[in-house]
Amino acid sequence: MLENSEDGTAAAMRLAGGAPLHSTLDVAVPGDWLALDAAVREVAWYRPHPLPEWERLAPPPAELTQLGESRLALALCHRDGRIRQEALLQSARYPGLLPLVVIRCTDWVEPVREHARRLLCEALNVASALDLAPLILRVGRRDRGTFGVDVLGRILRQASPGQLAVLFTDPDRIVRRFAYRLAIDGRLLRPAELARAAARDQDTVVQDLCATAALTPPRDEESYEGVLPPLLSARNPRVRSAGVTALRRAGRSKQAESFLSDRSALVRACARYVVRQQGGDPAAWYRERCTAPDDSELPPGAVIGLAECGNRTDAGLLRPLLAHPAAGVRARAVAGLRALDCADAKQMRPLLDDPAAEVVRETATALLPSAKELPADWLLERTSSQRPRHVRVGAFRLLDAHGGIVALRTAVRLLEDPDVKLRTWAAQSVQRWHPSPDARRGDAEVGELLDRSRHLFSDFVLRRRKWEAGVES
């Protein structure tokens with residue numbers, strides 16, 4: 001694979017020396033063809049004294065009939081449009097040069113472009129279109145690139161599902177999207193196949209396309225058997241939510257209750273919708289499960305779900321869960337209290353020392369609005385290098401939110417911290433620091449701290465900060 005322009009230039013030089021095309025670049029990789037095309041023009045334009053073998057890249061058009069495949073590939077990329085056009089006439093002798101014909105279909109010279117398009121229409125069939133699809137779609141993102149994409153679509157509409165399947169696993173998501181759109185438009189895949197594709201693919205566009213197509217037509221009870229299980233068991237929450245919403249149309253609304261405690265907020269919201277449509281009360285369902293604070297089987301999704309559809313009176317059910325043995329439950333209880341605007345700083349404060357990073361992260365987020373109410377010395381102690389990293393990060397977030405001299409003192413202290421990320425965040429905190437409106441002007445400690453971090457500022461900005469703080473430079 002040609003990873004950069006230097007690799008492309010080296011490949012062009014090898015081709016100029018007569019190296020075979022297949023041993024010089026990976027002909028199945030679109031980027032290699034594009035790198036070669038760019039490299040030939042770069043060398044032709046920017047090298048003031050081309051190498052002797054490179055001078056042979058621009059023979060008179062009449063001599064192009066004598067060129068082999070490698071040299072003709074270079075002629076197809078040449079900066080001179082007359083040479084490119086004549087090379088197109090000769091390219092039919094070498095089917096392996098069809099990728100360069102695809103690239104020339106977007107050529108900025110109209111005669112070259114039109115000639116390349118005629119050649120592509122004549123040469124393209126289902127087999128070659130499948131091979132060239134990644135390159136055509138990549139070139140299609142350029143100006144004047146829609147022609148090739150349109151031709152590709154017209155040819156591949158004749159492909160069978162088995163032939164088109166090779167594009168469903170292409171590493172380029174643009175190729176997969178294109179292939180699935182063709183399959184959906186042509187009704188080439190059964191609903192169950194589309195559901196499995198939605199559950200399998202990592203691209204959100206493909207997930208939406210396939211899940212929607214699998215569920216769109218009216219279906220009977222039997223057809224849902226093959227569609228719903230892949231959707232409901234998918235790792236991606238967008239796909240699971242599509243399956244949960246379809247439970248109502250399938251007459252299986254009762255099954256949506258098991259998704260009320262899903263780890264995804266989107267899936268939980270869809271499950272609540274389905275449950276409500278059948279007359280159920282999701283809030284009561286959540287309350288019933290959160291009444292036992294020592295229940296080791298309590299799913300974290302049920303805890304945050306209660307906050308999502310409950311009210312402030314439900315905070316009484318969430319507070320006991322702050323001591324639950326499962327870290328996920330403790331973290332969601334903190335998040336739930338914050339969502340209900342019932343986060344009590346005094347009650348939350350001990351959780352900043354929690355052994356679970358997710359709990360400390362949620363606790364720090366919940367305490368940010370009341371950061372100034374927390375003892376600065378107590379927080380500063382938790383930034384010590386002897387503390388667990390997640391505790392140090394949480395304490396630093398709160399001290400930074402505290403503002404004023406406290407934030408500056410903490411950040412400067414951490415500029416030499418052994419943790420790279422903490423050092424970076426501390427430096428950013430110092431750079432964006434400004435004295436608070438109620439700060440005492442002329443504080444000598446501020447001047448000292450700014451001097452210790454002068455490497456983070458230009459001289460002008462440092463003087464400006466000191467002037468804002470009333471400190472002499």
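FYI, the numbering just counts along the sequence from 1.
- Using a 4.5 Å heavy-atom threshold, the side chains of Asp443 and Val471 count as separate.
- Within the 4.5 Å cutoff, the side chain of Leu247 has heavy atoms near those of the Leu232 side chain.
- Formation of a donor-acceptor pair under 3.5 Å by the His390 side chain with backbone atoms of Val359 is not found in this model.
- Counting only distance, with no hydrogens or angles, the side chain of Asp314 and the backbone of Asn311 share a donor-acceptor pair below 3.5 Å.
- With respect to Asp201 and Arg176, a salt bridge is recorded, a charged nitrogen being found less than 4.0 Å from a carboxylate O.
- The distance from atom CG of Leu21 to atom CG of Leu36, rounded to the nearest 0.5 Å, is 7.5 Å.
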>> Run Thr365 and Arg397 through side chain to side chain donor-acceptor pair (under 3.5 Å) and show every step you take.
In response: CA-CA 8 Å; Thr365 302; Arg397 288 179 63 195; 3.1 Å; yes
> Asp354 and Arg330: salt bridge (Lys or Arg N to Asp or Glu O under 4.0 Å), yes or no, with the steps?
Replying inline: CA-CA 10 Å; Asp354 196 281; Arg330 295 197 303 276; 2.9 Å; yes
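- Contact annotation: the side chain of Arg382 approaches that of Asp353 to within less than 4.5 Å [non-hydrogen atoms, C-beta and beyond].
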> How far apart are the C-alpha atoms of Leu231 and Leu215, what are their side-chain angles, what is the distance that settles it, and do they pass the side chain to side chain contact (heavy atoms under 4.5 Å, CB included) test?
Replying inline: CA-CA 10 Å; Leu231 298 180; Leu215 295 168; 3.7 Å; yes
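- Separation of atoms OG1 (Thr410) and CG (Leu379) is listed at 8.0 Å; rounding is to 0.5 Å.
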> Are Leu380 and Arg413 close enough, and set up right, to give a side chain to side chain contact (heavy atoms under 4.5 Å, CB included), and what steps lead you there?
Replying inline: CA-CA 10 Å; Leu380 192 61; Arg413 175 180 171 176; 3.0 Å; yes
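- The shortest side-chain heavy-atom distance between Val461 and Arg465 falls under the 4.5 Å cut-off.
- The main-chain N or O of Arg79 is found under 3.5 Å from a side-chain atom of Arg84 such that the two form a donor-acceptor pair.
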>> Show, in sequence, the C-alpha distance, side-chain angles and deciding distance for Ser253 and Gln277, and conclude whether the side chain to side chain contact (heavy atoms under 4.5 Å, CB included) test is met.
In response: CA-CA 8 Å; Ser253 298; Gln277 292 302 306; 5.9 Å; no
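- Atom CG of Leu449 is separated from atom CD1 of Ile405 by 5.0 Å, given to the nearest 0.5 angstrom.
- Pairing each heavy atom of Asp37 with each of Cys77, the nearest pair is OD1-CB, 3.5 Å.
- Remark: side-chain polar atoms of Arg332 are not paired, donor with acceptor, to backbone N or O of Ala302 under 3.5 angstrom.
- Here the straight-line distance linking atom CG of Leu152 with atom CG of Leu132 works out to 8.5 Å at 0.5 Å rounding.
- Taking the charged nitrogens against the carboxylate oxygens, Asp417 and Arg389 have no contact shorter than 4.0 Å, which rules out a salt bridge.
- Counting heavy atoms from C-beta outward, Ile103 and Leu100 have side chains that approach closer than 4.5 Å.
- Side-chain atoms of Ser384 never come within 3.5 Å of backbone atoms of Arg387 as a donor-acceptor pair (strictly under, hydrogens ignored).
- The neighbour count for His22 NE2, taken as heavy atoms of other residues, nucleotides or ligands under 6.0 Å away, does not exceed 12.
- The backbone N or O of Asp262 lies less than 3.5 Å from a partner atom in the side chain of Arg268, making a donor-acceptor pair.
- Side chain of Arg338 to main chain of Glu362: no donor-acceptor pair is present (N/O by atom type, distance under 3.5 Å, no hydrogens or angles).
- Without hydrogens or angle criteria, Tyr180 side chain to Ala198 main chain gives no donor-acceptor distance under 3.5 Å.
- When all heavy atoms of Leu351 and Thr363 are compared, the closest pair comes out as CB-OG1, 3.5 Å.
- Side chain of Ser429 to main chain of Trp425: no donor-acceptor pair is present (N/O by atom type, distance under 3.5 Å, no hydrogens or angles).
- The heavy-atom pair separating Pro320 from Gly316 by the smallest distance is CD-O, 3.1 Å.
- Here CD of Glu468 is found 10.0 Å from CG of Leu450. Values are rounded to the nearest 0.5 Å.
- Across all their heavy atoms, Leu414 and Ala426 have their closest contact at CB-CB, 3.7 Å.
- Distance check: Leu415 CG to Leu456 CG gives 6.0 Å after rounding to the nearest 0.5 Å.
- Legend: side-chain hydrogen bond (donor to acceptor under 3.5 Å, both in side chains) pairs involving residues 142-152, not counting sequence neighbours: none detected.
- No side-chain heavy atom of Val244 sits less than 4.5 Å from a side-chain heavy atom of Tyr273.
- A distance-only check finds no donor-acceptor pair linking the side chain of Arg452 to the backbone of Glu448 [under 3.5 Å].
- The side-chain heavy atoms of Glu373 and Arg349, taken from C-beta on, include no pair separated by under 4.5 Å.
- Looking at Arg141, Arg138, Arg177 one by one, the single match for salt bridge (charged side-chain N to carboxylate O under 4.0 Å, His left out) with Asp172 turns out to be Arg141.
- With salt bridges taken as basic N to acidic carboxylate O contacts below 4.0 Å, one links Arg454 and Asp451.
- In this structure, the side chains of Leu189 and Phe168 come closer than 4.5 Å at one or more pairs of heavy atoms.
- Here the shortest heavy-atom pairing between Gly310 and Arg287 reads CA-NH2, 4.3 Å.
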> Hey, mind stepping through Leu337 and Leu322 against side chain to side chain contact (heavy atoms under 4.5 Å, CB included) and telling me if it holds?
Replying inline: CA-CA 10 Å; Leu337 288 169; Leu322 295 175; 4.0 Å; yes
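- For Arg235, the CZ atom is loosely surrounded, since the number of other residues' heavy atoms within 6.0 Å does not exceed 12.
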